[in-house]
Amino acid sequence: MTGSILSFPERGPWGSSSWRGNCSGHVYRALFQSIKPASFCDPMSGSGTAIQVAEMMGIEAFGLDLHSGFNILRDSIVKKIDKEVDLVLSHCPYSGMVLYSGQQWGSEPHPDDLSRCHDDNDFCEKMQIAMINQREATKIGGYYGTIVGDWRRGGVYSSYQAEIISRLPKDELAGVLIKAQHNMQSNAKSYKAMKLPFITHEYILIFKRKKCTTMQFLQAIAIEQAQRLRGTWRSIVRHVMIQLGGQAKLEVVYQTIQENAPDKLQRNPHWKDKIRQVLNSSGDYFSEERGVWKLA
Ligand SMILES: C[S@@+](CC[C@H](N)C(=O)[O-])C[C@H]1O[C@@H](n2cnc3c(N)ncnc32)[C@H](O)[C@@H]1O
């Protein structure tokens, strides 16, 4: 693997071509050749493509899946396989485009089947749980990650890869690869009227496990999310100050924000404190006259 784009039109002899949403075994082979894991786990193994490739390459491999009783939202991977491994890579079902329980396997939909999430938010929250579980089964210095695509429906583009990256600490992200998807011609027909291209790629998100404990890791996620929220308040105040010509009375700033972002305010009863905090401590504003703020 020399670049960050992987494109394999053939799927090879591994796994099963009749397993919907299966992945080319050549993708796993290229990843294993590059990362060189001695041990590997696929906790959403589907038809077993990755496991067969790993075994062929002499890598100790553990395949788990909801279809054979392992539920990544309830069961600990590390306890199930009884060891930490060098690489834990899943290929998650996203968007509900392909349904697994009750269609690909089993007679009933399973409530924890990731292909049967209620909505995008439900999926992204569950994927965060799955990734934390995968991380815990990864050796320190080893890699964990997922193969996921984006999805557009009803004119709305859902970027699952961006959502997953934003729900994990920045300093563990090690690589984002593009995986070209082939044999999607028939689906493309219904997209003829679209101005934007049909999505023909997935992402391989790779994170490197650092030394910190799961609790420290979760704390890092919470701190990053709080920073992002503060950043949003900073952007709101800046946008309004630009609209108001770079100078405004505090009451006018409140009023303009109230008119422009009613949803955001409904969720935060302390919204006026947030605005004052940005004006006072972001370093972006100064006040020469009581109650009047200017862009610095
Ligand atoms: C995209 S498929 C994997 C395909 C695989 N890479 C292959 O080539 O055959 C996703 C798999 O995730 C499994 N899955 C869905 N929800 C799960 C859960 N909660 N725990 C474990 N596996 C789950 C599904 O049963 C399905 O087999």
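Keep in mind that this is a model prediction, so the values were computed, not measured. Every number for a ligand or one of its atoms is a count from 1 in the order of the listing.
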Review point. Which one holds for Tyr28 and ligand 1: side chain close, backbone close, both close, or neither close, with close meaning a heavy atom under 4.0 Å?
Key: side chain
Between [Y] and [X], is there a salt bridge with N-O shorter than 4.0 Å?
X: Arg153; Y: Asp120; answer: yes
X: Glu288; Y: Lys294; answer: yes
X: Glu136; Y: Arg209; answer: no
X: Lys179; Y: Glu202; answer: yes
X: Asp75; Y: Lys79; answer: no

Closest protein heavy atom (residue, atom, distance) for [atom]:
atom: atom 16 (N) of ligand 1; answer: Leu114 N, 3.0 Å
atom: atom 15 (C) of ligand 1; answer: Asp113 OD1, 3.3 Å
atom: atom 23 (C) of ligand 1; answer: Leu66 CB, 3.6 Å
atom: atom 19 (N) of ligand 1; answer: Asp112 O, 2.9 Å
atom: atom 9 (O) of ligand 1; answer: Ser47 OG, 2.7 Å
atom: atom 12 (O) of ligand 1; answer: Met44 CB, 3.4 Å
atom: atom 2 (S) of ligand 1; answer: Tyr100 OH, 3.4 Å
atom: atom 6 (N) of ligand 1; answer: His91 ND1, 3.0 Å

What about [X] and [Y], same hydrophobic cluster or not, with Ile/Leu/Val/Met/Phe/Trp/Tyr joined at side-chain heavy-atom distances under 4.5 Å?
X: Leu114; Y: Leu66; answer: no
X: Val98; Y: Tyr203; answer: no
X: Tyr285; Y: Val292; answer: no

Review point. Atoms of ligand 1 less than 4.0 Å from Pro43 heavy atoms?
Key: 21 (C), 22 (N)
Exercise for review: Could you tell me which atoms of ligand 1, counted from 1 in the order shown, lie closer than 4.0 angstrom to a heavy atom of Phe70?
Suggested key: 20 (N), 21 (C)
Are [X] and [Y] side-chain neighbours, meaning at least one heavy-atom pair lies under 4.5 Å?
X: Val148; Y: Ile164; answer: yes
X: Glu84; Y: Ile140; answer: no
X: Tyr94; Y: Met127; answer: no

Check your understanding: For ligand 1, is there an atom lying under 4.0 Å from some heavy atom of Ser115?
Key -> no
Exercise for review: Mark the output for Gly15 as yes if a heavy-atom distance to ligand 1 is under 4.0 Å, and as no if none is.
Suggested key: no
From the options [options], select the one whose nearest heavy atom is closest to [atom].
atom: atom 13 (C) of ligand 1; options: Leu64, Ile129, Asp65; answer: Asp65
atom: atom 7 (C) of ligand 1; options: Ile51, Val27, Thr49, Asp42; answer: Thr49
atom: atom 5 (C) of ligand 1; options: Ser45, Ser101, Cys92; answer: Ser45

Backbone or side chain, does any N or O of [X] fall under 3.5 Å from an N or O of ligand 1?
X: Gly21; result: no
X: Asn71; result: yes
X: Trp105; result: yes

Point to revise | Inter-residue atom distance Glu108.CD - Trp105.CH2, 0.5 Å rounding | key: 11.0 Å
